[in-house]
Amino acid sequence: MKYIETQTLPSLGHAEVRIIAHTPEAARMVAEALRGCFAGAEQRSYPGLDGDTRLHLTVDTATPAGPARARLAAGLSPVGAGAHSDEI
């Protein structure tokens, strides 16, 4: 069953990121890695449906930092990029 969330789009130059992990620590590690690449706002954490953790954060895609700056400037795709079987 696919779940499609409906809400307003983030402002221009920003992206909403949703992280789903088995533990809060794993979700925080992914969020920290993203904040190392993009400027971002404070994260919001929610309990998941099956005891998992859902973490939401907004990143500023117009202000890449660290490793993302060079990769985005060169137009390179991240390693392992591509659609997953459950994506639309």
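- Rounding to the nearest 0.5 angstrom, the gap separating the OG1 atom in T58 from the NE2 atom in H14 is 7.5 Å.
- Contact record, A27 with T53: CB-CG2, 4.1 Å, taken as the closest heavy-atom pair.
- The minimum heavy-atom distance between I20 and R54, with the atom names listed, is CD1-NH1, 3.3 Å.
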Quiz: residues 28-41 side-chain donor-acceptor pairs under 3.5 angstrom, not counting sequence neighbours:
{"from": "E32", "atom 1": "OE1", "to": "R35", "atom 2": "NH2", "distance (Å)": "3.1"}
{"from": "R35", "atom 1": "NH1", "to": "Q43", "atom 2": "OE1", "distance (Å)": "2.7"}
{"from": "R35", "atom 1": "NH2", "to": "Q43", "atom 2": "OE1", "distance (Å)": "3.3"}

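- When the side chain to side chain contact (heavy atoms under 4.5 Å, CB included) test is applied to A15, the partners found at least two apart in sequence or on another chain are V59, T61.
- Checking side-chain atoms of D50 against main-chain N and O of D52 turns up no donor-acceptor pair under 3.5 Å.
- The heavy-atom pair separating R44 from L57 by the smallest distance is NH1-CA, 3.7 Å.
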